[in-house]
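Indexing begins at 1, ligand by ligand and atom by atom, following the structure's order.
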Amino acid sequence: MTTKVALEQHVAAGSPELREVFGGVAAAAREIAKQIRLAGLSDALGAYGAVNVQGEQQQKLDVFANDVMIKWLGQVASVAACVSEEDEAPVVFANAGAKYIVIFDPLDGSSNIDVNVNVGTIFSVQELQGGDLNASILQQGTKQAAAGYVVYGPSTVMVMTTGTGVAAFTLDDSGEFIRSNDAMQMPEQGPYYSTNEANAASWPAAYREYLAMLLRGDLNGKTYSSRYIGSLVADFHRTLLKGGVFLYPPTDKAPKGKLRLLYEANPLAMLAEQANGAAVNGPERILELQPEQIHQRTALIVGSKREVEALQKAVLEAR
Ligand code: AFP
(Lines give C-alpha, C1' and ligand atoms only; values in the text may rest on other atoms or scores of the structure.)
Protein backbone atom coordinates (compact mmCIF):
# COMPACT_ATOMS: atom_id res chain seq x y z
CA MET A 1 0.00 0.00 0.00
CA THR A 2 1.73 3.22 -1.12
CA THR A 3 1.74 6.01 1.46
CA LYS A 4 -0.46 8.97 0.69
CA VAL A 5 1.67 12.11 0.30
CA ALA A 6 -0.20 15.40 0.38
CA LEU A 7 1.01 18.42 -1.60
CA GLU A 8 1.96 20.37 1.52
CA GLN A 9 4.05 17.42 2.79
CA HIS A 10 5.83 17.15 -0.57
CA VAL A 11 6.68 20.88 -0.60
CA ALA A 12 7.54 20.94 3.11
CA ALA A 13 10.94 19.55 2.22
CA GLY A 14 11.73 22.96 0.72
CA SER A 15 10.90 26.29 2.38
CA PRO A 16 7.96 26.76 4.77
CA GLU A 17 7.13 30.01 2.94
CA LEU A 18 6.89 28.17 -0.39
CA ARG A 19 4.68 25.54 1.27
CA GLU A 20 2.31 28.34 2.27
CA VAL A 21 2.24 29.61 -1.33
CA PHE A 22 1.26 26.15 -2.60
CA GLY A 23 -1.35 25.99 0.17
CA GLY A 24 -2.86 29.21 -1.20
CA VAL A 25 -2.85 27.99 -4.82
CA ALA A 26 -4.38 24.66 -3.73
CA ALA A 27 -7.19 26.42 -1.82
CA ALA A 28 -8.00 28.55 -4.87
CA ALA A 29 -7.86 25.54 -7.20
CA ARG A 30 -10.36 23.64 -5.04
CA GLU A 31 -12.85 26.51 -5.29
CA ILE A 32 -12.28 26.97 -9.05
CA ALA A 33 -12.63 23.21 -9.69
CA LYS A 34 -16.00 23.16 -7.89
CA GLN A 35 -17.28 26.21 -9.79
CA ILE A 36 -16.25 24.67 -13.14
CA ARG A 37 -17.72 21.26 -12.28
CA LEU A 38 -21.14 22.82 -11.48
CA ALA A 39 -20.96 25.65 -14.01
CA GLY A 40 -23.78 24.24 -16.13
CA LEU A 41 -26.16 24.34 -13.16
CA SER A 42 -25.57 28.01 -12.34
CA ASP A 43 -25.10 31.07 -14.52
CA ALA A 44 -21.32 30.76 -14.26
CA LEU A 45 -20.91 30.25 -17.99
CA GLY A 46 -20.69 32.86 -20.72
CA ALA A 47 -19.16 36.27 -21.22
CA TYR A 48 -18.64 38.63 -18.32
CA GLY A 49 -19.19 41.67 -20.51
CA ALA A 50 -15.78 43.30 -20.06
CA VAL A 51 -12.45 43.25 -21.92
CA ASN A 52 -9.17 42.43 -20.14
CA VAL A 53 -5.72 44.01 -20.56
CA GLN A 54 -5.10 41.62 -23.51
CA GLY A 55 -8.10 43.04 -25.32
CA GLU A 56 -9.92 39.71 -24.89
CA GLN A 57 -13.59 39.30 -23.97
CA GLN A 58 -13.52 38.11 -20.34
CA GLN A 59 -15.55 35.00 -19.47
CA LYS A 60 -17.41 34.96 -16.13
CA LEU A 61 -15.19 32.08 -15.03
CA ASP A 62 -12.05 34.09 -15.94
CA VAL A 63 -13.13 36.79 -13.50
CA PHE A 64 -14.24 34.27 -10.88
CA ALA A 65 -10.93 32.38 -11.05
CA ASN A 66 -8.97 35.64 -10.88
CA ASP A 67 -10.86 36.87 -7.81
CA VAL A 68 -10.44 33.51 -6.05
CA MET A 69 -6.67 33.34 -6.74
CA ILE A 70 -6.19 36.88 -5.39
CA LYS A 71 -8.43 36.17 -2.38
CA TRP A 72 -6.49 33.07 -1.25
CA LEU A 73 -2.98 34.33 -2.12
CA GLY A 74 -3.70 37.61 -0.32
CA GLN A 75 -4.11 35.58 2.88
CA VAL A 76 -0.66 33.98 2.54
CA ALA A 77 1.88 35.85 4.69
CA SER A 78 4.77 35.03 2.35
CA VAL A 79 3.08 36.53 -0.76
CA ALA A 80 3.94 40.19 -1.41
CA ALA A 81 2.01 40.59 -4.66
CA CYS A 82 0.16 38.86 -7.50
CA VAL A 83 0.39 39.44 -11.25
CA SER A 84 -2.52 38.16 -13.33
CA GLU A 85 -3.27 37.77 -17.04
CA GLU A 86 -6.58 39.52 -16.27
CA ASP A 87 -5.13 42.62 -14.57
CA GLU A 88 -3.09 45.46 -16.08
CA ALA A 89 -1.00 46.01 -12.92
CA PRO A 90 0.21 43.84 -10.02
CA VAL A 91 -2.03 43.48 -6.95
CA VAL A 92 0.14 44.33 -3.92
CA PHE A 93 -0.63 42.94 -0.44
CA ALA A 94 0.34 44.49 2.90
CA ASN A 95 2.17 41.33 3.99
CA ALA A 96 5.24 42.72 5.77
CA GLY A 97 8.41 40.72 5.12
CA ALA A 98 6.71 38.74 2.36
CA LYS A 99 9.15 36.92 0.11
CA TYR A 100 7.29 35.84 -3.04
CA ILE A 101 5.37 37.14 -6.05
CA VAL A 102 2.85 34.78 -7.69
CA ILE A 103 2.37 35.37 -11.43
CA PHE A 104 -0.56 33.53 -13.00
CA ASP A 105 -3.06 32.89 -15.76
CA PRO A 106 -6.13 32.24 -13.60
CA LEU A 107 -8.05 30.33 -16.27
CA ASP A 108 -6.25 29.30 -19.41
CA GLY A 109 -8.28 28.06 -22.35
CA SER A 110 -11.30 30.28 -21.83
CA SER A 111 -12.54 29.54 -25.32
CA ASN A 112 -13.06 25.95 -24.19
CA ILE A 113 -14.95 26.64 -20.96
CA ASP A 114 -18.47 26.65 -22.38
CA VAL A 115 -17.88 23.42 -24.31
CA ASN A 116 -16.75 21.43 -21.26
CA VAL A 117 -13.18 20.90 -22.47
CA ASN A 118 -10.16 20.93 -20.13
CA VAL A 119 -9.03 24.32 -18.91
CA GLY A 120 -6.42 25.25 -16.34
CA THR A 121 -4.62 27.65 -14.02
CA ILE A 122 -0.91 28.30 -14.70
CA PHE A 123 1.41 29.88 -12.08
CA SER A 124 5.00 31.00 -11.63
CA VAL A 125 6.64 32.04 -8.34
CA GLN A 126 9.43 34.63 -8.28
CA GLU A 127 11.29 35.86 -5.22
CA LEU A 128 11.11 39.56 -4.25
CA GLN A 129 14.60 41.02 -4.80
CA GLY A 130 15.65 43.99 -2.65
CA GLY A 131 12.08 45.23 -2.31
CA ASP A 132 12.00 46.26 -6.03
CA LEU A 133 8.65 44.77 -7.12
CA ASN A 134 8.79 45.55 -10.85
CA ALA A 135 12.36 44.30 -11.29
CA SER A 136 11.46 41.18 -9.29
CA ILE A 137 8.48 40.46 -11.54
CA LEU A 138 10.59 40.89 -14.70
CA GLN A 139 13.27 38.35 -13.69
CA GLN A 140 14.29 35.70 -16.20
CA GLY A 141 12.53 32.34 -16.05
CA THR A 142 15.75 30.74 -14.74
CA LYS A 143 15.13 32.63 -11.48
CA GLN A 144 11.71 31.07 -10.78
CA ALA A 145 11.47 29.60 -7.27
CA ALA A 146 8.58 27.38 -8.35
CA ALA A 147 6.12 26.79 -11.19
CA GLY A 148 3.05 24.72 -11.89
CA TYR A 149 -0.40 24.39 -13.32
CA VAL A 150 -3.75 22.88 -12.39
CA VAL A 151 -5.71 21.13 -15.12
CA TYR A 152 -9.47 20.93 -14.58
CA GLY A 153 -10.48 17.84 -16.52
CA PRO A 154 -11.90 14.37 -15.82
CA SER A 155 -9.87 14.76 -12.63
CA THR A 156 -8.31 17.90 -11.19
CA VAL A 157 -4.52 17.54 -11.24
CA MET A 158 -1.81 19.95 -10.09
CA VAL A 159 1.64 19.52 -11.67
CA MET A 160 4.44 21.44 -9.97
CA THR A 161 8.17 21.92 -9.44
CA THR A 162 10.33 23.80 -6.96
CA GLY A 163 13.43 23.10 -9.03
CA THR A 164 14.02 19.53 -7.89
CA GLY A 165 11.97 17.50 -10.34
CA VAL A 166 8.29 17.47 -11.33
CA ALA A 167 5.42 15.87 -9.40
CA ALA A 168 1.65 15.60 -9.93
CA PHE A 169 -1.11 15.69 -7.32
CA THR A 170 -4.73 14.61 -7.83
CA LEU A 171 -7.55 16.33 -5.95
CA ASP A 172 -9.37 13.66 -3.92
CA ASP A 173 -12.93 13.70 -2.58
CA SER A 174 -11.79 15.09 0.80
CA GLY A 175 -10.35 18.12 -0.99
CA GLU A 176 -6.72 17.07 -0.58
CA PHE A 177 -4.16 17.16 -3.40
CA ILE A 178 -2.53 13.73 -3.10
CA ARG A 179 0.65 12.85 -4.97
CA SER A 180 -0.20 10.67 -7.96
CA ASN A 181 3.04 10.96 -9.89
CA ASP A 182 6.59 11.73 -8.72
CA ALA A 183 9.83 12.39 -10.62
CA MET A 184 7.94 12.85 -13.90
CA GLN A 185 10.07 12.46 -17.02
CA MET A 186 9.06 13.56 -20.51
CA PRO A 187 9.89 10.93 -23.17
CA GLU A 188 12.97 11.88 -25.27
CA GLN A 189 10.79 11.87 -28.39
CA GLY A 190 7.05 11.43 -28.70
CA PRO A 191 4.31 10.48 -31.10
CA TYR A 192 2.41 13.79 -31.19
CA TYR A 193 2.76 17.27 -32.58
CA SER A 194 0.32 19.87 -31.29
CA THR A 195 -0.32 23.16 -33.08
CA ASN A 196 -3.08 25.29 -34.63
CA GLU A 197 -2.37 24.35 -38.25
CA ALA A 198 -4.91 26.92 -39.41
CA ASN A 199 -2.14 29.48 -38.84
CA ALA A 200 0.53 27.55 -40.78
CA ALA A 201 0.29 29.72 -43.92
CA SER A 202 1.37 32.76 -41.88
CA TRP A 203 4.27 31.05 -40.04
CA PRO A 204 7.88 31.80 -41.05
CA ALA A 205 8.91 29.18 -43.66
CA ALA A 206 11.30 27.36 -41.28
CA TYR A 207 8.34 26.28 -39.08
CA ARG A 208 6.34 24.93 -42.04
CA GLU A 209 9.41 23.02 -43.27
CA TYR A 210 9.99 21.67 -39.77
CA LEU A 211 6.43 20.29 -39.57
CA ALA A 212 6.80 18.76 -43.05
CA MET A 213 10.08 17.16 -41.87
CA LEU A 214 8.30 15.61 -38.86
CA LEU A 215 5.45 14.33 -41.08
CA ARG A 216 7.91 12.79 -43.56
CA GLY A 217 9.31 10.79 -40.60
CA ASP A 218 12.74 12.39 -41.02
CA LEU A 219 13.32 12.81 -37.26
CA ASN A 220 14.77 9.41 -36.35
CA GLY A 221 12.16 7.71 -38.57
CA LYS A 222 9.39 8.47 -36.06
CA THR A 223 5.81 8.89 -37.35
CA TYR A 224 3.59 11.55 -35.80
CA SER A 225 -0.09 12.10 -35.15
CA SER A 226 -1.76 15.46 -34.50
CA ARG A 227 -3.42 16.48 -31.24
CA TYR A 228 -4.64 20.05 -30.50
CA ILE A 229 -7.12 20.99 -27.75
CA GLY A 230 -6.64 24.75 -27.82
CA SER A 231 -6.06 24.94 -24.05
CA LEU A 232 -2.32 25.30 -23.51
CA VAL A 233 -2.48 23.55 -20.12
CA ALA A 234 -4.21 20.49 -21.59
CA ASP A 235 -1.94 20.32 -24.64
CA PHE A 236 1.14 20.67 -22.42
CA HIS A 237 -0.10 18.05 -19.93
CA ARG A 238 -0.44 15.47 -22.72
CA THR A 239 2.99 16.42 -24.09
CA LEU A 240 4.56 16.02 -20.62
CA LEU A 241 3.05 12.55 -20.21
CA LYS A 242 3.28 11.18 -23.75
CA GLY A 243 6.06 13.24 -25.36
CA GLY A 244 6.14 15.10 -28.64
CA VAL A 245 6.05 18.83 -29.29
CA PHE A 246 3.64 21.74 -28.80
CA LEU A 247 4.34 24.74 -31.01
CA TYR A 248 2.77 28.20 -31.23
CA PRO A 249 5.08 29.94 -33.73
CA PRO A 250 5.06 33.63 -34.68
CA THR A 251 2.23 34.47 -37.11
CA ASP A 252 1.33 37.51 -39.24
CA LYS A 253 -1.35 38.33 -36.62
CA ALA A 254 1.07 37.83 -33.69
CA PRO A 255 4.62 38.33 -35.07
CA LYS A 256 6.04 38.18 -31.52
CA GLY A 257 3.92 35.09 -30.72
CA LYS A 258 0.52 34.83 -29.04
CA LEU A 259 1.30 33.22 -25.68
CA ARG A 260 2.45 35.23 -22.65
CA LEU A 261 6.04 34.88 -21.42
CA LEU A 262 5.61 35.41 -17.65
CA TYR A 263 2.53 33.28 -16.87
CA GLU A 264 2.32 30.80 -19.74
CA ALA A 265 5.75 30.16 -21.32
CA ASN A 266 8.11 30.56 -18.30
CA PRO A 267 6.30 28.20 -15.89
CA LEU A 268 5.78 25.51 -18.56
CA ALA A 269 9.40 25.87 -19.69
CA MET A 270 10.62 25.29 -16.10
CA LEU A 271 8.41 22.19 -15.80
CA ALA A 272 9.54 20.88 -19.19
CA GLU A 273 13.25 21.27 -18.38
CA GLN A 274 12.79 19.76 -14.92
CA ALA A 275 11.19 16.75 -16.65
CA ASN A 276 14.01 16.30 -19.17
CA GLY A 277 12.24 18.26 -21.93
CA ALA A 278 13.03 21.64 -23.49
CA ALA A 279 11.41 24.99 -24.42
CA VAL A 280 12.43 27.68 -26.94
CA ASN A 281 10.93 30.71 -28.68
CA GLY A 282 12.50 29.48 -31.91
CA PRO A 283 16.18 30.47 -31.69
CA GLU A 284 16.42 31.04 -27.91
CA ARG A 285 15.86 29.14 -24.64
CA ILE A 286 12.63 30.50 -23.08
CA LEU A 287 14.06 30.58 -19.53
CA GLU A 288 16.95 32.86 -20.60
CA LEU A 289 14.70 35.49 -22.22
CA GLN A 290 14.87 38.84 -20.38
CA PRO A 291 11.27 40.06 -19.81
CA GLU A 292 10.60 43.75 -20.48
CA GLN A 293 6.86 44.01 -19.88
CA ILE A 294 4.49 42.08 -17.61
CA HIS A 295 2.14 40.99 -20.40
CA GLN A 296 4.74 40.48 -23.15
CA ARG A 297 4.13 37.71 -25.66
CA THR A 298 6.45 35.10 -27.09
CA ALA A 299 6.48 32.25 -29.57
CA LEU A 300 6.56 28.90 -27.70
CA ILE A 301 7.90 25.52 -28.77
CA VAL A 302 7.93 23.12 -25.84
CA GLY A 303 8.15 19.38 -25.43
CA SER A 304 10.53 16.45 -25.86
CA LYS A 305 14.20 17.29 -26.27
CA ARG A 306 14.62 15.75 -29.76
CA GLU A 307 11.77 17.69 -31.37
CA VAL A 308 12.55 21.02 -29.69
CA GLU A 309 16.29 20.83 -30.47
CA ALA A 310 15.49 19.99 -34.10
CA LEU A 311 13.23 23.05 -34.35
CA GLN A 312 15.81 25.36 -32.75
CA LYS A 313 18.48 24.08 -35.16
CA ALA A 314 16.16 24.56 -38.18
CA VAL A 315 15.30 28.15 -37.16
CA LEU A 316 18.94 29.10 -36.51
CA GLU A 317 20.05 27.59 -39.83
CA ALA A 318 17.28 29.47 -41.66
CA ARG A 319 18.60 32.82 -40.40
P1 AFP B 1 -7.69 31.75 -24.04
O2 AFP B 1 -7.32 31.60 -22.63
O3 AFP B 1 -7.98 33.13 -24.43
O4 AFP B 1 -8.73 30.74 -24.51
O5 AFP B 1 -6.44 31.40 -24.95
C6 AFP B 1 -5.98 30.18 -24.88
C7 AFP B 1 -4.51 30.25 -25.29
O8 AFP B 1 -3.84 31.28 -24.67
C9 AFP B 1 -3.84 28.91 -24.98
O10 AFP B 1 -4.43 28.23 -23.96
C11 AFP B 1 -3.94 28.16 -26.28
O12 AFP B 1 -2.85 27.31 -26.47
C13 AFP B 1 -4.00 29.24 -27.34
O14 AFP B 1 -4.41 30.43 -26.70
C15 AFP B 1 -5.01 28.87 -28.40
O16 AFP B 1 -4.89 29.82 -29.42
P17 AFP B 1 -5.61 29.59 -30.83
O18 AFP B 1 -7.09 29.68 -30.54
O19 AFP B 1 -5.10 30.73 -31.65
O20 AFP B 1 -5.20 28.27 -31.34
Side-chain angles (χ1 to χ4, degrees), residues 32 35-36 39 44-66 68-69 83-88 103-124 147-153 157 159 192-203 207-208 211 226-240 244-269 271-272 279-282 286 294-303 308:
I32 296 166
Q35 185 79 351
I36 290 174
L45 294 175
Y48 179 72
V51 170
N52 68 11
V53 61
Q54 325 281 342
E56 295 160 344
Q57 269 299 332
Q58 286 183 306
Q59 302 298 305
K60 288 178 189 167
L61 279 168
D62 283 325
V63 177
F64 175 86
N66 195 41
V68 167
M69 284 288 279
V83 170
S84 168
E85 178 199 36
E86 299 300 330
D87 298 321
E88 176 112 30
I103 305 167
F104 57 83
D105 179 350
L107 206 59
D108 170 66
S110 323
S111 52
N112 278 325
I113 295 174
D114 293 5
V115 292
N116 201 19
V117 166
N118 294 14
V119 291
T121 297
I122 312 175
F123 61 95
S124 163
Y149 59 84
V150 182
V151 58
Y152 308 103
V157 175
V159 174
Y192 300 122
Y193 70 92
S194 180
T195 191
N196 185 342
E197 282 178 81
N199 296 332
S202 84
W203 295 345
Y207 293 86
R208 283 196 298 278
L211 192 54
S226 170
R227 293 283 186 281
Y228 190 68
I229 297 167
S231 289
L232 175 61
V233 161
D235 283 315
F236 178 81
H237 193 61
R238 183 198 53 254
T239 306
L240 175 64
V245 62
F246 169 92
L247 53 165
Y248 208 110
T251 60
D252 292 347
K253 208 169 118 207
K256 292 207 172 110
K258 174 188 180 180
L259 302 174
R260 280 48 61 119
L261 177 59
L262 263 61
Y263 40 80
E264 289 180 316
N266 267 343
L268 299 186
L271 289 161
V280 297
N281 66 351
I286 290 284
I294 289 181
H295 299 291
Q296 92 180 54
R297 297 176 185 260
T298 180
L300 177 63
I301 296 88
V302 59
V308 175

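Distance alone, capped at 3.5 Å, is enough to place a donor-acceptor pair between the R297 side chain and the K258 backbone. Although no hydrogens or angles enter the test, the distance criterion places a donor-acceptor pair under 3.5 Å between the side chain of T251 and the main chain of A254. Looking only at distances, no side-chain donor or acceptor of D105 sits under 3.5 Å from a matching main-chain atom of E85. Distance alone, capped at 3.5 Å, places no donor-acceptor pair between the H295 side chain and the L261 backbone. Proximity of a side-chain donor or acceptor of S202 to a complementary backbone N or O of D252 within less than 3.5 Å is detected.
Distances shorter than 4.0 angstrom do not occur between any heavy atom of Q54 and any atom of ligand 1.
Considering backbone and side-chain N/O atoms, S111 comes within less than 3.5 Å of an N/O atom of ligand 1. Not one N or O of F246 is nearer than 3.5 Å to an N or O of ligand 1, by distance alone. The shortest N/O to N/O separation between V233 and ligand 1 does not fall below 3.5 Å. The N/O atoms of Y248, backbone and side chain alike, include one that comes under 3.5 Å of an N/O atom in ligand 1. When only interatomic distances are considered, the shortest N/O to N/O separation between D108 and ligand 1 falls below 3.5 Å.
Looking at residues two or more places apart in sequence or on another chain, you find a side-chain hydrogen bond (donor to acceptor under 3.5 Å, both in side chains) between S110 and D62.
The aromatic rings of F246 and Y248 are tilted relative to each other, their planes meeting at an angle between 30° and 60°.
Listed by atom number, the atoms of ligand 1 under 4.0 Å from E264 heavy atoms are 8 (O). In the vicinity of N196, heavy-atom distances shorter than 4.0 Å reach the ligand 1 atoms 17 (P), 19 (O), 20 (O). Residue Y228 approaches ligand 1 through these ligand atoms, each under 4.0 Å from one of its heavy atoms: 15 (C), 16 (O), 17 (P), 20 (O). Every atom of ligand 1 is numbered from 1 in the order shown, and the set under 4.0 Å from a heavy atom of S231 is 10 (O). Counting the atoms of ligand 1 from 1 in the order shown, those under 4.0 Å from a heavy atom of L232 are 9 (C), 10 (O), 11 (C), 12 (O). The atoms of ligand 1 that sit less than 4.0 Å from any heavy atom of R260 are 8 (O).
The shortest contact between atom 4 (O) of ligand 1 and any protein heavy atom is with S110 N, 2.9 Å. Shortest contact from atom 3 (O) of ligand 1 to any protein heavy atom: E56 OE2, 3.9 Å. Scanning the protein heavy atoms around atom 11 (C) of ligand 1, the nearest turns out to be G230 O, 3.3 Å. Distance from atom 2 (O) of ligand 1 to its nearest protein heavy atom, with residue and atom name: G109 N, 3.0 Å. With respect to atom 5 (O) of ligand 1, the closest heavy atom belonging to the protein is K258 NZ, 4.0 Å.
Ionic pairing of R260 and E56 is present here: one or more N-O contacts between side-chain nitrogen and carboxylate oxygen are shorter than 4.0 angstrom.
Less than 6.0 angstrom separates the ring centroid of Y149 from the ring centroid of F236.
Taking a 6.0 Å sphere around OH of Y48, one finds it holds 12 or fewer heavy atoms contributed by other residues, nucleotides or ligands. Applying the 6.0 Å contact sphere to CG of N196 captures more than 12 heavy atoms from other residues, nucleotides or ligands.
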